[in-house]
Amino acid sequence: MIFNKLLESCLVVILVAAVSFAVHYVINFFLESVVTLNQLLYSYSINMLLACGVISIIFLLKKKLKDQLGFVFMLASMLKFVFFFILLYPEYNADGLLSRMEFLTFFIPYAICLITESVILSKFLNSLDNYK
């Protein structure tokens, strides 16, 4: 049952991110953005993988660290931001300038995945409280 819930949660993250990606790409296309399709795909892919990873970790640690899961979530969210600086920031800042479009290429997928992840985990943590 837990595997099905985990799979369903990751599919929700992927679906929401895919729809967001399509809208984001269309808007970038019409604005003739300097951000490439590969940069956009890379940003969304990393954020989806990290969001599914955080959800998986929370699901796996639900019994061992039940009372500390909120802190685990906050630590994981901080680590996701660190991943941005390691994986994405050097490419965006290669010219010495982080443009608004480059920032949004990181921030929109990050925010979409974080909000989706938060809603999913909020429901999951509430179900744990009701399980007592």
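All residue numbers refer to positions in the sequence shown, counting from 1.
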Could you check, using the six-membered ring where one of them is a Trp, whether Phe106 and Phe81 have ring centers closer than 6.0 angstrom? yes

Report yes or no: does Ser45 contribute a side-chain atom to a donor-acceptor pair with the main-chain N or O of Leu41 at less than 3.5 Å? yes

Is there a path of hydrophobic side-chain contacts, each under 4.5 Å between heavy atoms of I/L/V/M/F/W/Y residues, joining Val82 to Met74? no

Are Leu60 and Leu50 co-members of a hydrophobic cluster defined by side-chain heavy atoms under 4.5 Å apart? no

What distance do Glu117 atom CD and Cys10 atom SG have between them, rounded to the nearest 0.5 Å? 9.5 Å

Output for pair (Ile120 CD1, Cys52 SG), nearest 0.5 Å, gives 8.0 Å

Would you give the length of the straight line joining atom CD1 of Ile112 to atom OG of Ser20, rounded to the nearest 0.5 angstrom? 4.0 Å

Please tell me if the side chains of Leu40 and Tyr44 come closer than 4.5 Å, counting only heavy atoms from C-beta onward. yes

Measure across Ala51 and Val13 and return the closest heavy-atom pair with its distance rounded to 0.1 Å. CB-CG1, 3.9 Å

Consider only side-chain heavy atoms of I, L, V, M, F, W and Y, link residues closer than 4.5 Å, and tell whether Leu49 and Ile108 are in one cluster. no

Going from CD1 on Ile57 to CG on Leu6, what distance comes out if it is rounded to the nearest 0.5 angstrom? 11.0 Å

Hydrophobic cluster membership, with links at side-chain heavy-atom distances under 4.5 Å among I/L/V/M/F/W/Y: are Leu11 and Leu15 in one? no

Around Tyr25, counting heavy atoms of other residues, nucleotides and ligands shown, do more than 12 lie under 6.0 Å from its OH? no

Can you find a pair of side-chain heavy atoms, one from Lys80 and one from Leu114, that are under 4.5 Å apart? yes

Output the distance between atom CZ (Phe124) and atom CG (Leu69), rounded to the nearest 0.5 Å. 7.0 Å

Any side-chain heavy-atom pair from Phe59 and Leu121 closer than 4.5 angstrom? yes

Min side-chain heavy-atom separation Tyr110-Ser43 under 4.5 Å: no

Show the nearest heavy-atom pair for residues Thr105 and Gln39, with the distance to one decimal. CG2-O, 4.0 Å

Please determine whether residues Val54 and Leu79 belong to a single hydrophobic cluster, defined as Ile, Leu, Val, Met, Phe, Trp and Tyr linked transitively by side-chain heavy-atom distances below 4.5 Å. no

